[in-house]
Visitor: 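So that we are looking at the same thing, I have put the structure below in structure tokens.
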Amino acid sequence: MRTTQFFLATLKEAPSDAEIVSHKLMLRAGLIKRLAGGIYSWMPLGLRILRKVENIIREEMDRAGAIELLMPAVIPAELWQETGRWEMYGPELLRFKDRHQRDFVIGPTHEEVITDVVRREIRSYRQLPLHLYQIQTKFRDEIRPRFGVMRGREFLMKDGYSFHASYADLQREYRNMHDTYTRIFTRLGLSFRAVAADTGSIGGTGSHEFHVLADSGEDAIAFCADSDYAANVELAEGVAPANPRNVHTEHMKKVATPGKTRCEDVAALLELPLAKTVKAIAVMHEEQFLLLLIRGDHTLNEIKASKLPFLNPFRFASDEEVERFLGCRPGYIGPVGIDQGIPIVADRTVAQMSDFVCGANEAGYHLTGVNWSRDLREPDHVFDIRNVVEGDSSPDGKGSLSICRGIEVGHIFQLRTKYSEAMKASFLDEAGQPHAMEMGCYGIGVTRIVGAAIEQNHDERGIIFPRAIAPFEVAIAPIGYGKSQSVRDAANTLYAELRSAGIDVLMDDRDERPGVMFADLELVGIPHRVTIGERSLKEGMVEYQGRREATAAKVPLTEICAYVRERLRA
RNA sequence: CGGGGUGUAGCGCAGCCCGGUAGCGCGCCUGGUUUGGGACCAGGAUGUCGGAGGUUCGAAUCCUCUCACCCCGACCA
């Protein structure tokens with residue numbers, strides 16, 4: 001491709017609403033243009049990247065035995081009513097009516113449609129297993145679309161669904177997809193990690209997320225350096241401290257802590273470690289008021305708490321409710337001396353604490369030297385309700401946890417028979433008996449991968465694409481293209497050679513000043529560049545510059561084609 | 001949905017407090033000089049000042065409504 005025949009739309013300054021580096025760079029490089037919140041056009045250069053990602057996914061899915069199809073983006077409401085998701089889904093589901101006042105949705109996911117397809121086609125165990133997938137535009141009306149393409153409302157997704165005659169076969173395919181995803185993200189050239197994930201209400205034995213590792217990621221991942229344990233922090237288990245509760249050494253004492261409503265402030269005032277404090281979080285489950293206890297330096301994991309039957313669902317108590325049930329305004333509440341009718345739910349860590357600090361249920365006062373049994377009743381419930389932190393023991397008992405951040409780009413899970421039962425997708429076994437099909441579901445955020453790849457691969461000059469998804473693999477930058485016959489000849493010859501070798505090459509024939517060409521070619525992330533100028537050409541040399549390399553290499557013109565091909569192989 | 005903020009040229013912004021008929025940088029167009037890291041000189045084009053209404057002799061500026069976008073609201077007892 002020649003630049004003059006293509007469409008480059010680079011910007012020196014990024015629009016001010018871009019927050020993270022990948023969003024800024026995608027805008028500056030002219031990969032995408034925003035049309036509305038979370039809705040973007042993919043410009044020609046960006047589309048080339050998207051297509052490359054898509055093709056790698058397609059190749060690997062096909063290789064793994066899945067079969068591509070394409071389902072409609074617009075789905076009649078009846079299918080969603082059949083599974084109950086029409087009611088379950090909130091405003092995130094974009095609903096509309098057609099001219100006959102029939103309800104439709106724009107598909108945020110396609111379990112219903114695929115299950116409908118399969119139940120009409122599949123009768124016998126002999127037709128199973130079957131894995132169908134599509135690469136298609138989805139729409140989710142996110143509360144807060146942001147970060148450009150990372151959390152968009154309209155986005156491209158690969159979603160695959162597998163159907164099986166037995167759970168064992170579903171597990172087999174699940175492992176197959178785990179391997180396939182690993183191959184896909186490896187081929188994409190990304191640094192990633194598969195982590196155990198929350199299965200949500202769906203259940204089943206397994207769910208894994210694939211995360212591209214990046215500091216700007218929205219998810220926190222807990223992993224163990226000494227084993228292969230890795231889990232989303234939402235899920236990672238906070239194990240009970242190995243040491244038993246210490247013997248108490250202090251008497252309970254009421255201390256004045258005026259204006260100190262946060263554990264941090266109280267600890268600072270009393271000159272105690274934050275880990276000696278306990279924060280009480282007042283919540284409501286229906287009409288029941290409860291107190292959750294978390295160590296001062298820990299944070300509540302709302303997902304874990306929500307899963308407890310006596311808390312599902314819960315909300316934070318209002319200030320008025322706190323006053324009503326504890327007779328004290330928020331900031332100084334604690335578990336000591338409270339009514340028997342208010343259940344105390346302690347985190348495992350808190351249950352092991354001794355001589356701790358908590359609110360005195362009296363404005364302006366806290367209690368120190370508090371101990372279970374002696375000063376207050378033992379907690380009514382002890383559960384893991386906090387987020388794990390760096391240094392916690394790994395749940396598999398093999399060392400300690402580290403925390404890093406990631407961008408979720410893939411998710412696989414075992415749906416089992418949730419949809420097949422709701423939608424009566426059944427097959428006949430060898431004995432002629434009907435069974436609901438076992439289902440698996442496997443998604444990859446195609447659009448998001450582009451953002452994630454940039455988030456992971458950039459420098460102050462712009463994007464550095466991994467070769468597999470670079471819009472062009474090599475750029476030719478001829479200096480004085482319009483003026484110098486020798487430069488033009490050398491550039492045209494190299495361009496033709498690289499093209500005939502099947503390499504994706506961009507020739508910058510704009511006759512721009514070198515600085516402009518270099519800046520653009522670097523910004524858009526082309527991994528290899530050959531600079532051809534009259535000066536070095538006189539000595540029969542051209543220059544090769546790797547996007548990640550600090551210095552350029554002089555290479556004889558006669559060898560440059562072979563040289564580039566060699567670098568591409570590396 | 002609450003709290004805050006911003007909408008002025010393709011992009012980044014000033015002007016608004018204190019009303020007087022719109023400006024800067026980049027980009028764009030023309031001509032010339034340049035040509036190995038975002039050139040220089042000269043000339044030029046581009047705005048319903050987000051929209052509607054109001055106040056006023058006069059509104060980008062003041063008032064009301066509205067729309068769009070951004071940020072915060074997820075550790076707080």
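Letters go in sequence order (proteins before strands), and every chain restarts at 1. Side chains included, hydrogens not; waters and symmetry mates left out as well; all remaining heavy atoms used.
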Visitor: Identify, with sequence neighbours excluded, every residue that meets salt bridge (charged side-chain N to carboxylate O under 4.0 Å, His left out) alongside A/K538.
Guide: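 With sequence neighbours excluded, A/K538 shows a salt bridge (charged side-chain N to carboxylate O under 4.0 Å, His left out) to no residue whatsoever.
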Visitor: Test of understanding: with side chain to side chain contact (heavy atoms under 4.5 Å, CB included), list the residues that count as partners of A/V233, not counting sequence neighbours.
Guide: A/A220, A/A222, A/N387, A/V388, A/I403
Visitor: Pull out every residue in residues 263-271 of chain A that has a heavy atom closer than 4.0 Å to any atom of RNA chain B, ordered by number, or say none.
Guide: A/C263
Visitor: Mind checking if A/V322 touches a base, just sugar-phosphate, or nothing, with heavy atoms under 4.0 Å?
Guide: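 Here A/V322 touches no strand at all.
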Visitor: Rounded to the nearest 0.5 Å, what's the gap from CG on A/D459 to CG on A/L25? Could you check?
Guide: 9.0 Å
Visitor: With sugar-phosphate meaning primed atoms plus P, OP1 and OP2, does A/E323 contact a base, only sugar-phosphate, or nothing at under 4.0 Å between heavy atoms?
Guide: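 Nothing: the residue A/E323, judged by heavy atoms under 4.0 Å, touches no strand.
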Visitor: Return whichever of A/R535 or A/A317 has its heavy-atom-nearest nucleotide of RNA chain B closer to the 5' end.
Guide: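 Per heavy-atom nearest nucleotide, the more 5' residue is A/R535.
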Visitor: For A/K304, give me all partners under salt bridge (charged side-chain N to carboxylate O under 4.0 Å, His left out), at least two apart in sequence or on another chain.
Guide: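 Here the qualifying residues are A/D384.
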Visitor: Pull out every protein N or O sitting under 3.5 Å from an N or O of nucleotides 24-27 of chain B, one pair per line with the distance.
Guide:
from  : atom 1 : to    : atom 2 : distance (Å)
B/G25 : N2     : A/E13 : OE1    : 3.1
B/C26 : O3'    : A/K12 : NZ     : 3.4

Visitor: Rounded to whole Å, please give me the gap between CD in A/E320 and P in B/A77.
Guide: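 Between P of B/A77 and CD of A/E320: 17 Å.
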Visitor: Over all strands shown, is A/R529 touching base, sugar-phosphate only, or nothing at heavy-atom distances under 4.0 angstrom?
Guide: base
Visitor: Considering every strand and a 4.0 Å limit on heavy-atom distances, what is the contact class for A/R461: base, sugar-phosphate, or nothing?
Guide: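 It contacts base atoms.
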Visitor: Mind checking the P distance from B/A68 to B/G58? Whole angstroms is fine.
Guide: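 Result for the P pair: 32 Å, nearest Å.
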Visitor: Tell me which pairs pass salt bridge (charged side-chain N to carboxylate O under 4.0 Å, His left out) where either residue lies in residues 268-279 of chain A, with sequence neighbours left out.
Guide: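 Sorted result for residues 268-279 of chain A: empty, none.
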Visitor: Using side-chain contact (heavy atoms from CB on, under 4.5 Å), reason through A/T109 and A/Y89 one step at a time and then give a plain yes or no.
Guide: CA-CA 12 Å; A/T109 175; A/Y89 248 77; 4.0 Å; yes
Visitor: Going by distance alone, is a donor N or O of one side chain under 3.5 Å from an acceptor N or O of the other, for A/R548 and A/N457?
Guide: yes
Visitor: Between A/E142 and A/R151, is there a salt bridge with N-O shorter than 4.0 Å?
Guide: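 Looking at A/E142 together with A/R151, the answer is yes, because their closest N to O distance falls below 4.0 Å.
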Visitor: Check nucleotides 70-72 of chain B for protein N or O atoms closer than 3.5 Å to its own N or O atoms and list the pairs.
Guide:
from  : atom 1 : to     : atom 2 : distance (Å)
B/C72 : OP2    : A/R144 : NH1    : 3.2
B/C72 : OP2    : A/R144 : NH2    : 2.1

Visitor: Salt-bridged, A/E455 to A/R405, with N to O below 4.0 Å?
Guide: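 No salt bridge links A/E455 with A/R405.
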Visitor: For B/C13 versus B/A52, give the span between their P atoms, rounded off to a whole number of Å.
Guide: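 Here B/C13 and B/A52 have their P atoms 25 Å from each other.
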Visitor: What about A/R28, does its side chain sit under 3.5 Å from the base of B/G12 through a donor-acceptor pair?
Guide: no
Visitor: Can you pull every protein N or O that's under 3.5 Å from an N or O on nucleotides 5-9 of chain B?
Guide:
none

Visitor: Residues in side chain to side chain contact (heavy atoms under 4.5 Å, CB included) with A/F310, at least two apart?
Guide: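 For A/F310 the side chain to side chain contact (heavy atoms under 4.5 Å, CB included) partners, ignoring immediate neighbours, are A/L290, A/L308, A/V345, A/H381, A/F383.
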Visitor: Would you tabulate the nitrogen or oxygen pairs shorter than 3.5 Å linking the protein to nucleotides 33-35 of chain B?
Guide:
from  : atom 1 : to     : atom 2 : distance (Å)
B/U34 : O2     : A/R513 : NH1    : 2.8

Visitor: Mind listing the side-chain donor-acceptor pairs of residues 530-537 of chain A below 3.5 Å, one per line with the distance, residues two or more places apart or on another chain?
Guide:
from   : atom 1 : to     : atom 2 : distance (Å)
A/T531 : OG1    : A/R529 : NE     : 3.3
A/E534 : OE2    : A/S484 : OG     : 3.0
A/S536 : OG     : A/M541 : O      : 3.3

Visitor: Do A/E378 and A/R245 meet the salt-bridge criterion of a basic N to acidic O distance under 4.0 Å?
Guide: yes
Visitor: Can you tell me the Watson-Crick or wobble partner of B/U6, both distances under 3.5 angstrom?
Guide: B/A68
Visitor: Can you pull the salt bridge (charged side-chain N to carboxylate O under 4.0 Å, His left out) pairs that have at least one residue in residues 352-367 of chain A, sequence neighbours excluded?
Guide: A/K254-A/E362
